[in-house]
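Let me begin by presenting the structure, written as structure tokens, before commenting on it.
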Protein chains: 2
Amino acid sequence: MSEIKQSSTNFSNKLALSEECPEAYAANVIGGQWTLVICSWLLSGKLRFGELKKKLPGITERMLTLQLRKLEEHKIITRTVHAEVPPRVEYELTEIGYALKSVISELESWGTSHKKLIG
Amino acid sequence: MSEIKQSSTNFSNKLALSEECPEAYAANVIGGQWTLVICSWLLSGKLRFGELKKKLPGITERMLTLQLRKLEEHKIITRTVHAEVPPRVEYELTEIGYALKSVISELESWGTSHKKLIG
DNA sequence: TTAGGTACTATAAATAATGTAAGTAATGAG
DNA sequence: CTCATTACTTACATTATTTATAGTACCTAA
């Protein structure tokens with residue numbers, strides 16, 4: 001996740017697509033394995049690292065960290081560290097992050113009907 | 001793309017997520033590098049293999065084939081072979097494929113505002 | 001007989017994403 | 001001093017996806 005090779009064909013393909021197609025751009029931004037699910041949990045309010053971890057059975061701490069960092073970088077969430085011991089870190093959607101709500105709900109309803117259709 | 005290891009953690013994570021979250025399910029179905037762009041071209045009508053290829057600068061024939069096969073498998077597009085020489089093969093969205101329109105348009109508008117905000 | 005167009009396949013290699021396992025810092029409780 | 005808690009970080013291994021390159025079958029037209 002962290003390492004992308006700016007000389008690769010893949011990189012330039014993604015870049016070109018992103019520039020021409022907003023939907024491909026969006027897919028690149030929110031396209032991680034756990035990204036959408038994290039956001040969909042955050043839609044109902046801020047959560048701590050450990051709380052998110054519990055809500056995502058199977059995710060590793062490394063993966064959760066990486067995805068949260070990426071989301072933060074893209075200004076989709078904010079990260080607030082409370083100076084306590086043990087530490088408390090809270091994640092919350094920004095405005096543009098919250099705007100993902102309609103994307104998520106469209107995906108949900110499409111996914112539901114597709115699943116129903118296909119079995 | 002073709003080979004997935006059903007014993008991998010990644011596989012079971014994806015499966016579990018797909019079963020619980022329709023949005024993750026949807027993301028798995030349409031989450032390929034070129035998938036959404038292909039669909040968004042097809043929204044305006046059926047296209048031939050070669051036409052799609054021209055519309056997607058940078059894609060390799062193998063990639064295009066793989067993505068089209070996956071879409072067909074998921075009943076998002078249909079493939080029609082015309083018995084001519086040279087061959088003519090046309091791809092067209094199914095009903096559920098066409099229903100991606102609203103997903104795509106939400107993604108587009110989110111992508112546009114995100115880009116405006118960040119870029 | 002040879003060349004050409006179309007839609008592919010096959011195989012290998014490169015790149016990207018994800019997972020595993022272990023370790024860290026800070027500090028208050030005991 | 002030792003331990004527990006929380007939110008990470010690091011190094012490495014594995015798996016998944018994408019790209020590169022070459023080749024195929026079919027008929028038609030020159």
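Hydrogens, waters and symmetry mates are skipped; everything else that's a heavy atom, side chains included, is used. The shown structure was predicted, so the numbers you read here are calculated from the model rather than taken from an experiment.
For Phe11(B) and Phe11(A), each mapped to the nucleotide of DNA chain D holding its nearest heavy atom, the one lying further toward the 5' end belongs to Phe11(B). In terms of position on DNA chain D, the residue among Trp34(B) and Glu51(A) whose nearest nucleotide sits closer to the 5' end is Glu51(A).
Atom CD in Glu84(B) sits roughly 13 Å away from atom C1' in dA7(C) (whole-Å rounding). Following rounding to the nearest Å, Met63(B) (CE) and dA14(C) (C1') show an atom-to-atom distance of 13 Å. Atom CD in Gln6(A) sits roughly 14 Å away from atom C1' in dA16(C) (whole-Å rounding). Atom P of nucleotide dT18(D) and atom NZ of Lys70(B) are separated by 8 Å, given to the nearest angstrom. In this structure, CD of Gln33(A) is placed 11 Å from P of dA16(D), rounded to the nearest angstrom. The CD1-P distance, from Ile4(A) to dA17(C), rounds to 8 Å in whole Å. Going from atom CD1 of Ile59(B) over to atom P of dT17(D) covers 15 Å, rounded to whole Å. Leu52(B) has its CG atom 14 Å from the P atom of dT6(C), to the nearest Å.
At dA17(C), none of the side-chain N or O atoms of Lys14(B) fall inside 4.0 Å of OP1 or OP2 (strictly under the cut-off). Contact annotation: Gln67(B) reaches the phosphate of dT18(D) (side-chain N/O to OP1 or OP2, under 4.0 Å). Of the side-chain N and O atoms in Asn10(A), one or more sit less than 4.0 angstrom from OP1 or OP2 of dT19(D). OP1 or OP2 of dT9(D) lies within a sub-4.0 Å distance of a side-chain N or O belonging to Arg69(A). Taking 4.0 angstrom as the limit, Asn13(A) places a side-chain polar atom (N or O) nearer than this to OP1 or OP2 of dT19(D). The side chain of Ser8(B) contributes no N or O atom lying less than 4.0 Å from OP1 or OP2 of dT18(C).
Residues Glu23(A) and Ser40(B) have side chains that bring a donor and an acceptor to within less than 3.5 angstrom of each other. Side-chain polar atoms of Thr80(A) and Glu90(A) form no donor-acceptor pair below 3.5 angstrom. Counting only N and O atoms by type, the side chains of Thr35(B) and Gln67(B) include a donor and acceptor under 3.5 Å apart.
When each of Ile104(B), Leu100(B), Val103(B) is paired with Glu106(A), the side chain to side chain contact (heavy atoms under 4.5 Å, CB included) condition holds for Val103(B) and for no other.
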Got a list of protein N/O to nucleotides 20-29 of chain D N/O distances below 3.5 Å?
from    : atom 1 : to      : atom 2 : distance (Å)
dA20(D) : OP1    : Thr9(A) : OG1    : 2.5

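Without hydrogens or angle criteria, Ser113(A) side chain to Ser109(A) main chain gives a donor-acceptor distance under 3.5 Å. Although no hydrogens or angles enter the test, the distance criterion places no donor-acceptor pair under 3.5 Å between the side chain of Glu72(A) and the main chain of Arg69(A).
For Glu108(A), the side-chain hydrogen bond (donor to acceptor under 3.5 Å, both in side chains) test picks out no residue, with sequence neighbours left out.
Comparing dG19(C), dT6(C), dT18(D) by their nearest atom to the side chain of Arg48(B) picks out dT6(C).
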